[in-house]
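Here's the structure we're looking at; comments come further down.
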There are 2 protein chains.
Amino acid sequence: MALNGTGGNRIGSETRDRVLAAAAELGYRPNTVARGLRTRRTHMLGFVGDNVATTPFAGQMIRGAHDAAREAGFLLLMVDTTGDPDETGEAIAALQERQIDGILLATMYHQVIDVPAEIKSTPVVLLDSRTADGSVTSVVPDERGGALGVLAELAAAGHRRIGHVTTAEDVEARHIRLTTWREHVTAYGLDADELFAESPEGRTHGGYDAAMRLLRRPERPTAIFCFNDRMAMGVYRAAAELGLSIPGDLSVVSYDDQELIAPELAPGLTSAALPHYEMGSWAAKELLRRLDEPDAEPVQHLMPCPIARRDSVAPA
Amino acid sequence: MALNGTGGNRIGSETRDRVLAAAAELGYRPNTVARGLRTRRTHMLGFVGDNVATTPFAGQMIRGAHDAAREAGFLLLMVDTTGDPDETGEAIAALQERQIDGILLATMYHQVIDVPAEIKSTPVVLLDSRTADGSVTSVVPDERGGALGVLAELAAAGHRRIGHVTTAEDVEARHIRLTTWREHVTAYGLDADELFAESPEGRTHGGYDAAMRLLRRPERPTAIFCFNDRMAMGVYRAAAELGLSIPGDLSVVSYDDQELIAPELAPGLTSAALPHYEMGSWAAKELLRRLDEPDAEPVQHLMPCPIARRDSVAPA
DNA sequence: GTGAAAGCGCTAACAC
DNA sequence: GTGTTAGCGCTTTCAC
């Protein structure tokens, strides 16, 4: 009671001091396992990810969750899976055996998922994914906001003929970014199809290919909004090959703001950042809050994507 | 005993079946906390990293350790720090309170460290770092081997005037890679200083700067060995500006094999890979082994760095 | 203001 | 082959 500060004035201040002194002298540290057995609180959060530790930028989600948890005296017990449902179920079971207080269920990119049945009564918050019906608390990036942000950068520089280079992969991010862009150019009365090019894969080569096709059209766009930084890297290469200078002849904006790419390109790439750290932190805090308030209504949170402004945009 | 398979033939097979059936029916899962309290084994490994979750490629170390641990029924309890010794000490204490069975102490890049005093009796394996005196079991990349490997690629293509572009930052990797290169070109009777250029920072811009200086010298090298992929990215840019084609006029090899860079450059960059996954896996397995054999002699392991061959090397 | 004891869910030793 | 019990290190209730 002296150590925990519990029991109010049940314990004399002089007695408490003696206890504290003895503890310090002995280097005493409470055994959290025994405490957990008794209190049924382990002060551990389970973190289940699908290849999150492996995915370069998604690691920031771990870090965000970690920091928020640690600040509250919690530690993260990690299980990384391949995303396979059976494996995820097993991971959750392994975590529950260890009596974790709650679960953070993370995906390496924004997607819609079903929550595994195993979770049941364990409090859970979804990280970078959400359920179709919104029945589980979750946080995902505000992709629409981010797309509007980079499009606004171009608009402010006077661009109207803004092309879009994207992947054909069927992911949430593609749909939202594409839809937002389409609305934007359509609002100018432009034909979106004429300004659109996609490639099977959202990587450098795909970006290069799509950009080559787009930039060779009779009325080429004055700016391109890329699905992601990797595709933007390909767009840079295509522009160089066609003798177009960035941002002189062509402005480029993108999404993801990957630290290994966006700031390293020449010129630096203006990109909407995926707020991985913030999402991780938000999810952990929200989960912690829910441990004390198990009946709180589920929340769907959209995390803003700040725009990293660099030198890839110039007046049209 | 039926569930754990312990107690040998103490329990009848028919009785065991009944127990198993009942457990399955109830969805019974043993409480690992209670078990840990009794057996003093939690089947959790502490993973202490300095910004490891944050560092893009180092995440593979976590994944390697995770997979090896999980295969043995262990889970990773993560603490990420800034690398500050006090913080690391506190992290270790937090882990010990939770009765973890052993500690993996990881750094985000290869370095020489002192082991925190707190560790004491807890079994520990160092990941991507080592002690000066070799008193603690550790695994680091075989940087010399990797450097020899990429230099051999160049030698096999007939290159002798091999330049080196590196960082001035005082890190293990710089020293080993530099020394290995110096020995290599000196063995050809060349003056290493004429083929050497460094920049304050090991990033793209630094690589560009150093390469510009190096490639403008009267007798320019026919190939460049770069400290890392980011600097290589700058070397590519410099070569392009000087009208030198890669690999036609200049071959380039590098170190790290970062997935976001080496395969994405055009042409693909030949690079020695940092075996992060393998190091993580080795460290966890070795730690697990040591839990049962606490008195085993410390081992210093060098993990080979495989060469990722791409298209940046051509005959001299 | 303080001492004593029960019990969290397990494992292992001890009976028979 | 099976039933019983102590105890891991804590927290909390009860008694005084």
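Chain A is the first sequence line, chain B the second, and so forth, proteins listed ahead of strands; every chain is numbered from 1.
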For this session: Look at all strands and tell whether B/Arg35 reaches a base, only sugar-phosphate, or nothing, counting heavy atoms closer than 4.0 Å.
Result: sugar-phosphate
Exercise. Do the side-chain N or O atoms of B/Asn4 get closer than 4.0 angstrom to the phosphate oxygens (OP1, OP2) of C/dT11?
Worked result: yes
For this session: Please state how far atom CG in A/Leu37 lies from atom P in D/dT12, giving the value in whole angstrom units.
Result: 13 Å
Problem set entry | Atom pair distance, as rounded to whole Å: CZ in B/Arg40 and C1' in D/dC8 | 6 Å
Exercise. Which of the following nucleotides, C/dC10, D/dC10, C/dT11, is nearest to the side chain of B/Thr39?
Worked result: C/dT11
Problem set entry | Closest to side chain of B/Pro30, choosing from D/dT11, C/dC10, C/dG9 | C/dC10
For this session: May I ask you to verify if any side-chain N or O of A/Arg38 is less than 4.0 angstrom from the OP1 or OP2 atom of C/dA6?
Result: no
Exercise. So, is A/Thr15 near the phosphate of C/dT2, with a side-chain N or O under 4.0 Å from OP1 or OP2?
Worked result: yes
Exercise. Rounded to the nearest Å, what distance is computed from the CZ atom of residue A/Arg16 to the P atom of nucleotide C/dT2?
Worked result: 11 Å
Exercise. Does a donor on one side chain and an acceptor on the other come within less than 3.5 Å for A/Gln111 and A/Ser129?
Worked result: no
Seminar exercise, completed: Rounded to whole Å, the CG-C1' distance (A/Asn31 to D/dC10) equals 8 Å
Exercise. Atom CG of A/Asp17 and atom C1' of C/dG1: how far apart are they, to the nearest Å?
Worked result: 16 Å
Exercise. Is a side-chain donor-acceptor pair under 3.5 Å present for A/Gln99 with A/Thr42?
Worked result: no
Exercise. Is it true that the side chains of B/Asp133 and B/Ser135 contain a donor and an acceptor less than 3.5 Å apart?
Worked result: yes
Exercise. Base, sugar-phosphate alone, or nothing: which one does A/Thr32 contact when heavy atoms must sit under 4.0 Å apart?
Worked result: nothing
Problem set entry | Of the listed nucleotides D/dT11, C/dC10, D/dC8, the one nearest the side chain of B/Ala34 | C/dC10
For this session: Say whether B/Thr137 and B/Glu286, considering side chains only, have a donor N or O and an acceptor N or O under 3.5 Å apart.
Result: no
For this session: Would you mind reading off the distance between B/Leu3 atom CG and C/dT11 atom P, rounded to a whole angstrom?
Result: 9 Å
For this session: Rounded off to whole Å, could you give me the CE-to-C1' distance for the B/Met1 and D/dG1 pair?
Result: 11 Å
Seminar exercise, completed: When rounded to the nearest 0.5 Å, the distance separating CG of B/Leu95 from CE of B/Met44 is 8.0 Å
Problem set entry | Rounded distance (Å) that lies between atom C1' of D/dG9 and atom CG of A/Leu26 | 15 Å
